[in-house]
Amino acid sequence: MKIAVVILNWNGTKLLEQFLPSVMAFSPEANVYVADNASTDDSVAFVKANFPDIKIIQNTDNFGFAKGYNQALQSVDEEIYALVNSDIEVTENWLSPVLKTFENEQKTAIIQPKILDFKNKEYFEYAGAAGGFIDQYGYPFCRGRIFDTIEKDNGQFDNATEIFWASGACFFIRKPIFRELNGFDADFFAHQEEIDLCWRAFNKGFIAKYEPKSVVYHVGGATLQMGSPQKTFLNFRNSLWMLTKNLPKSVLLTTIFIRLSLDGIAAFQFLFKGKPKHFFAVFKAHMYFYFRFFSNYKKRETKQLPHYYKIKSIVEQYFIGGGKVFENLF
């Protein structure tokens with residue numbers, strides 16, 4: 001099967017300089033692309049001068065993660081897309097087990113590798129770890145990462161398994177499925193668009209899997225820092241939009257009401273911790289949710305499957321039930 005490794009870039013010359021060598025060294029099965037979101041630095045010139053075999057796609061503006069990939073992938077014809085952050089270090093033979101799974105399992109549409117922390121390589125990385133799940137109220141969590149608790153990789157997640165969502169940090173998907181789903185929701189701009197895409201794939205009966213034999217290392221926060229109020233805004237807003245689009249109709253309003261209440265508690269926690277910008281980020285996210293509720297509701301598919309969540313409330317499990325690591329949740 002033909003595979004395209006597509007790296008979305010925006011003003012990331014230093015990251016490309018650091019991480020492109022591993023991609024080029026360990027991806028003989030792939031054609032490598034850099035999709036540039038109208039960078040104002042010398043990213044494109046750097047790639048042309050130092051990696052002439054890389055194909056460059058130049059978007060006309062900074063479209064963010066979602067629309068940036070949607071635009072770029074229109075020009076990519078390989079059967080499998082590997083969407084890879086510019087701050088990812090790949091390892092030898094990282095593509096082989098993924099391609100084998102796609103070849104042998106036709107219902108598998110999306111795959112995530114094992115994502116470890118580039119800065120502390122014995123530990124999982126926040127964005128994806130060993131594959132993602134979601135609770136009834138739309139809070140995402142991972143095998144190997146629940147909220148801010150990160151597990152050490154002791155081989156506890158070395159089994160390939162079905163997951164609910166794969167991290168956008170390193171995200172494999174079949175081209176026909178990506179196009180059938182009309183790609184990412186461009187309105188999300190960045191954050192949680194990959195969970196929304198996986199949820200829409202789930203509602204159509206497709207499978208997402210975690211493949212531990214494929215290993216990558218992720219810096220994380222290289223483009224938008226973890227403590228950024230903008231990140232808080234995008235995560236809270238996009239999560240509410242995602243619930244509106246994908247929840248079964250029978251539980252939609254009740255679940256969103258509970259989620260809004262939990263968000264309110266989180267907002268006041270930000271305020272009490274001396275983070276007023278994050279408090280207002282949550283407030284702003286809720287205003288966007290109300291303003292765009294009906295437009296997002298119109299995006300709903302004809303069928304939303306139940307049983308999308310693995311546990312009812314990760315908040316309750318983590319803060320009250322002692323579920324700090326994945327194995328303690330069940």
Side-chain angles (χ1 to χ4, degrees), residues 1-9 12 15-36 47-48 50-57 65 68-70 72-116 118 121 125 127-128 130-131 158-163 166-181 183-184 194 197-198 201 206-219:
M1 301 181 74
K2 295 182 179 179
I3 185 167
V5 172
V6 187
I7 300 167
L8 190 68
N9 171 70
L15 292 174
L16 296 173
E17 183 177 2
Q18 182 175 5
F19 293 107
L20 274 181
S22 73
V23 175
M24 297 304 292
F26 299 134
S27 309
E29 306 94 331
N31 291 321
V32 181
Y33 297 76
V34 167
D36 187 74
V47 174
K48 288 180 177 179
N50 294 277
F51 299 95
D53 291 335
I54 290 179
K55 301 177 182 182
I56 297 174
I57 302 170
F65 185 98
Y69 266 124
N70 287 353
L73 293 176
Q74 293 178 14
S75 304
V76 179
D77 293 325
E78 284 80 1
E79 300 168 72
I80 303 295
Y81 296 152
L83 312 184
V84 181
N85 275 18
S86 58
D87 59 348
I88 287 277
E89 179 184 76
V90 305
T91 62
E92 191 171 1
N93 295 321
W94 71 296
L95 294 176
S96 298
V98 172
L99 288 170
K100 184 177 179 180
T101 300
F102 277 130
E103 288 169 354
N104 294 336
E105 301 179 15
Q106 292 303 309
K107 291 292 286 185
T108 297
I110 296 165
I111 296 176
Q112 182 200 295
K114 178 188 285 189
I115 303 178
L116 300 176
F118 178 78
K121 293 189 174 182
E125 208 280 318
D158 279 353
N159 59 312
T161 188
E162 289 187 23
I163 56 177
S167 171
C170 192
F171 185 98
F172 296 87
I173 186 168
R174 296 181 189 272
K175 178 185 70 176
I177 305 304
F178 187 84
R179 294 189 175 181
E180 179 180 343
L181 296 169
F184 297 112
E194 77 270 49
L197 182 69
C198 289
F206 297 114
I207 293 171
K209 291 198 75 172
Y210 161 75
E211 177 46 70
K213 292 180 182 178
S214 175
V215 179
V216 302
Y217 297 95
H218 184 216
V219 174

Distance, nearest 0.5 Å, that separates CG of Asp158 from NZ of Lys114: 3.5 Å

Report yes if some heavy atom in the side chain of Leu16 is under 4.5 Å from a heavy atom in the side chain of Val47; otherwise report no. yes

State, with a plain yes or no, whether a side-chain heavy atom of Ile54 is found less than 4.5 Å away from one of Met24. yes

For the atom pair CD1 (Ile207) and NZ (Lys107), what is the distance rounded to the nearest 0.5 Å? 7.0 Å

Pairwise distance CD1(Ile115) to CD1(Ile88) - rounded to 0.5 angstrom: 5.5 Å

A side-chain contact here means heavy atoms from C-beta on lying under 4.5 Å apart; do Thr91 and Asn93 qualify? no

Are the side chain of Glu211 and the backbone of Lys213 linked by a donor-acceptor contact shorter than 3.5 Å? yes

CG-CD distance between Leu20 and Gln18, expressed to the nearest 0.5 angstrom: 10.5 Å

Using ring centroids (six-membered ring only for Trp), state whether Phe178 and Phe184 fall under 6.0 Å. yes

Above 12 or not: heavy atoms from other molecules or residues under 6.0 Å from NZ of Lys175? yes

Check whether any side-chain heavy atom of Val5 sits under 4.5 Å from a side-chain heavy atom of Asn31, and report yes or no. no

Pairwise distance CG(Leu197) to CG(Leu83) - rounded to 0.5 angstrom: 9.0 Å

May I ask you to establish whether Lys121 and Tyr217 are in a cation-pi arrangement, using a distance under 6.0 Å from NZ or CZ to the six-membered ring centre and at most 45° from the ring axis? yes

Trp94 (side chain) donor-acceptor with Val216 (main chain) under 3.5 angstrom: no

Output, in order, the C-alpha distance, side-chain angles, deciding distance and verdict of side-chain contact (heavy atoms from CB on, under 4.5 Å) for Ile173 and Ile80. CA-CA 6 Å; Ile173 186 168; Ile80 303 295; over 6 Å; no

Compare every heavy atom of Glu125 with every heavy atom of Val219, then report the nearest pair and how far apart it is. O-OE2, 4.0 Å

For the student: nearest non-hydrogen atoms of Cys170 and Gln112, plus distance: O-CG, 3.9 Å

Main-chain N/O of Phe102 paired to Arg174 side chain as donor or acceptor, under 3.5 Å: yes

How close do Ala82 and Phe172 get, heavy atom to heavy atom, and via which atoms? CB-CE2, 3.4 Å

If every non-hydrogen atom of Glu79 is compared with every non-hydrogen atom of Pro176, which pair is closest and at what distance? O-CD, 4.1 Å

Electrostatic pair Lys209-Glu105, nearest N-O below 4.0 angstrom: yes

Where is the tightest heavy-atom contact between Phe19 and Ser86, given as atom of each residue plus distance? CD1-O, 3.4 Å

For Asp53 and Val32: C-alpha separation, side-chain torsions, deciding distance, then whether side-chain contact (heavy atoms from CB on, under 4.5 Å) applies. CA-CA 8 Å; Asp53 291 335; Val32 181; over 6 Å; no

Can you name the nearest heavy-atom pair linking Ala127 to Ala169, along with the distance? O-CB, 4.2 Å

Criterion side-chain contact (heavy atoms from CB on, under 4.5 Å) on Val6 and Leu73, from CA distance to verdict: CA-CA 8 Å; Val6 187; Leu73 293 176; 3.8 Å; yes

Which is it for Ile177 and Phe206 under the side-chain contact (heavy atoms from CB on, under 4.5 Å) test, yes or no, and what are the steps along the way? CA-CA 9 Å; Ile177 305 304; Phe206 297 114; 3.4 Å; yes

Whether the side chain of Ser214 engages the backbone of Pro113 through a donor-acceptor N/O pair (distance < 3.5 Å, no angle test) should be reported. no

So do the side chains of Ile110 and Phe171 get within less than 4.5 Å of each other, counting heavy atoms only? yes

Sub-4.5 Å side-chain heavy-atom contact between Val76 and Ile57: yes

Distance-only side-chain donor-acceptor flag, Glu78 / Tyr33, under 3.5 Å: yes

Before giving the answer on ring pair (Phe, Tyr, Trp, His ring centres under 6.0 Å), spell out for Tyr69 and Tyr81 the whole-Å C-alpha distance, their side-chain angles and the decisive distance to 0.1 Å. CA-CA 10 Å; Tyr69 266 124; Tyr81 296 152; 9.0 Å; no

Please name the residue in the list Leu15, Val23, Asp36, Asn85 that meets the side chain to side chain contact (heavy atoms under 4.5 Å, CB included) test with Ile7. Val23

